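Read through the structure below, which is laid out as structure tokens, and then see the notes.
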Amino acid sequence: MSEEMKDNDIEAMEEEARAGNGDAPEKTDPDACETGAPVNGESADKESAGAEKKAGADDRSSEKSGSDDSGKSDAKTESAGAGSSGKKDPRDTKIEELQDRLRRQMAEFDNFRKRTEKEKSAMYEIGARDIIEKILPVLDNFERGLAAIPEDEKESSFTEGMTMIYKQFVKTLEDMGVETIETKGQKFDPNLHNAVMHIDDEAYGENEISQELQKGYKYRGTVVRHSMVQVAN
């Protein structure tokens, strides 16, 4: 009976303590009671330490990802800048190549055109000189025939007709660019004259042409036939 009374007294004292404090008694772990540390405080400390470690890890990972992203963006920017400055667009290269080829072909065509025109002009002049050279003996005979007409027949209609034909012949050659080489009162020029006779005559100066034996002609400044002359010593 005494033990039951003791238990009842203890319970009554606990109820009075709870009623006076208004709080429930803190439960403790038997193991914790032995060491003297409450269980709830230790778990709270562990949770706070874990949260701090996790927050630090998150901060380090965010910093690392940020640095990686910035490094990647810088690398991309540098590679893009290097590509835009160092590497040339193949289309621009092809355009420049085609333009250079076009300029070369135009220059070659222009040279070909000039060369062809020059050759055509040279061929025309060569052909014209060849024809004129063959016509000149006919002109010489025309002049000899008119010079052989007697004085009493120079006023005849036949002589006048032949003279008109001769003048037309000479005018046609002049229109083609044929001109007579001057000899009267000129000094002997081996580029224009062909000296076949020499005489001693004080009436003429040294190397002066004293007589023209056959007319010489030029075609567009080029000698077709040299004048045959007599030169005074």
Side-chain angles (χ1 to χ4, degrees), residues 94-233:
K94 187 65 175 179
I95 290 172
E96 291 179 359
E97 181 181 352
L98 293 175
Q99 288 177 346
D100 183 67
R101 186 183 301 177
L102 178 61
R103 285 192 293 267
R104 289 176 181 273
Q105 289 181 352
M106 291 178 66
E108 290 177 0
F109 178 76
D110 188 55
N111 293 334
F112 171 76
R113 180 179 57 81
K114 292 179 180 179
R115 185 171 60 252
T116 303
E117 290 179 356
K118 187 176 181 180
E119 291 176 355
K120 287 171 65 177
S121 178
M123 291 175 63
Y124 176 80
E125 291 183 1
I126 291 172
R129 283 200 300 270
D130 185 58
I131 294 173
I132 292 169
E133 190 175 357
K134 292 179 180 179
I135 290 175
L136 291 179
V138 180
L139 184 62
D140 294 337
N141 292 331
F142 224 131
E143 292 175 349
R144 292 189 187 100
L146 291 175
I149 296 175
E151 289 293 334
D152 57 349
E153 296 183 2
K154 286 186 179 181
E155 301 296 330
S156 64
S157 57
F158 176 77
T159 303
E160 290 180 357
M162 296 299 293
T163 302
M164 291 177 64
I165 294 172
Y166 170 74
K167 289 181 180 179
Q168 183 181 5
F169 196 0
V170 173
K171 180 67 168 54
T172 302
L173 292 175
E174 289 178 353
D175 293 340
M176 292 175 59
V178 179
E179 56 182 336
T180 305
I181 297 175
E182 295 293 333
T183 58
K184 187 176 181 180
Q186 300 292 322
K187 290 287 186 178
F188 174 75
D189 185 357
N191 296 320
L192 302 175
H193 311 124
N194 183 19
V196 294
M197 294 179 65
H198 291 80
I199 61 171
D200 293 329
D201 193 341
E202 295 180 356
Y204 298 98
E206 186 177 0
N207 288 330
E208 184 178 351
I209 296 174
S210 59
Q211 185 181 358
E212 183 182 61
L213 304 177
Q214 188 181 49
K215 286 184 179 181
Y217 295 91
K218 293 189 297 183
Y219 172 68
R220 294 185 178 181
T222 304
V223 177
V224 177
R225 188 177 73 181
H226 292 77
S227 297
M228 191 178 295
V229 295
Q230 176 181 280
V231 182
N233 293 330

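From a predicted model like this one, the values you see are computed outputs, not experimental measurements. If you read the sequence from its start, that first residue is 1, and numbering goes on from there.
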Check your understanding: Are Leu213 and Val196 side-chain neighbours, meaning at least one heavy-atom pair lies under 4.5 Å?
Key -> yes
Point to revise | Heavy atoms of other groups near Gln214 CD, more than 12 under 6.0 Å | key: yes
Practice item. Any chance you could lay out the salt bridge (charged side-chain N to carboxylate O under 4.0 Å, His left out) test for Arg129 and Glu133, step after step, and finish with the verdict? Key: CA-CA 6 Å; Arg129 283 200 300 270; Glu133 190 175 357; over 6 Å; no
Sequence neighbours excluded and cut-off under 3.5 Å, please list the side-chain donor-acceptor pairs for residues 134-144, or say none.
| unit_1 | atom_1 | unit_2 | atom_2 | d |
| --- | --- | --- | --- | --- |
| Asp140 | OD1 | Arg225 | NH2 | 3.2 |
| Asp140 | OD2 | Arg225 | NH1 | 2.7 |
| Asp140 | OD2 | Arg225 | NH2 | 3.1 |
| Asn141 | OD1 | Arg144 | NH1 | 2.9 |
| Asn141 | ND2 | Pro137 | O | 3.3 |
| Glu143 | OE2 | Tyr166 | OH | 2.5 |
| Glu143 | OE2 | Lys215 | NZ | 3.3 |

Review point. Quick one: NZ on Lys184 to OG on Ser227, what's the gap to the nearest 0.5 Å?
Key: 14.5 Å
Review point. Looking only at heavy atoms, what is the nearest atom pair of Ile181 and Lys218, with distance?
Key: CG1-CG, 3.6 Å
Review point. Rounded to the nearest 0.5 Å, how far does CD of Gln99 lie from CZ of Arg103?
Key: 6.0 Å
Point to revise | Straight-line distance of Ile132 CD1 to Thr222 OG1, nearest 0.5 Å | key: 10.5 Å
**Study point:** Straight-line distance of Glu96 CD to Arg101 CZ, nearest 0.5 Å
**Key:** 13.5 Å
Revision key, fill the gap. To the nearest 0.5 Å, atom OG1 of Thr183 lies from atom CG of Asp189 at 12.5 Å
Review point. Taking all atoms of both residues into account, what is the closest heavy-atom pair of Tyr124 and Arg220, and its distance?
Key: CE2-NH2, 3.9 Å
Practice item. Tell me, please, which residues at least two apart from Lys167 pass salt bridge (charged side-chain N to carboxylate O under 4.0 Å, His left out). Key: none
Review point. Closest heavy-atom contact between Ala195 and Val231?
Key: CB-CG2, 3.6 Å
Review point. Quick check: does any side chain N or O of His226 sit under 3.5 Å from a backbone N or O of Asn191, one acting as donor and the other as acceptor?
Key: yes
Review point. Just by modelled atom types, is the Phe112 backbone N or O under 3.5 Å from a matching donor or acceptor in the Thr116 side chain?
Key: yes
Point to revise | Atom pair NE2/CG of His193 and Asn207 - distance to nearest 0.5 Å | key: 12.0 Å
Review point. Quick one: are Tyr217 and Thr180 in side-chain contact, heavy atoms under 4.5 Å?
Key: yes
Practice item. Would you confirm whether Ser121, through its side chain, and Glu117, through its main-chain N or O, come within 3.5 Å as a donor-acceptor pair? Key: no
Practice item. Using the side-chain contact (heavy atoms from CB on, under 4.5 Å) rule, take Ile199 and Ser210 through it: C-alpha gap first, then chi angles, then the decisive distance, then the call. Key: CA-CA 8 Å; Ile199 61 171; Ser210 59; 3.5 Å; yes
Practice item. Provide the closest heavy-atom pair for Glu206 versus Lys187 in the form atom of the first, atom of the second, distance. Key: O-NZ, 2.7 Å
Practice item. Report the C-alpha distance between Lys154 and Thr163 in whole Å, list the side-chain angles of each, state the deciding distance to 0.1 Å, and finish with yes or no for side-chain contact (heavy atoms from CB on, under 4.5 Å). Key: CA-CA 10 Å; Lys154 286 186 179 181; Thr163 302; over 6 Å; no
Review point. For atom CZ of Arg104, is the number of surrounding heavy atoms from other residues, nucleotides or ligands below 6.0 Å larger than 12?
Key: no
Practice item. State, yes or no, whether a side-chain contact exists between Ile126 and Asp130 at a heavy-atom distance under 4.5 Å. Key: no
**Study point:** Glu174 with Lys171: basic N within carboxylate O range, under 4.0 Å
**Key:** no
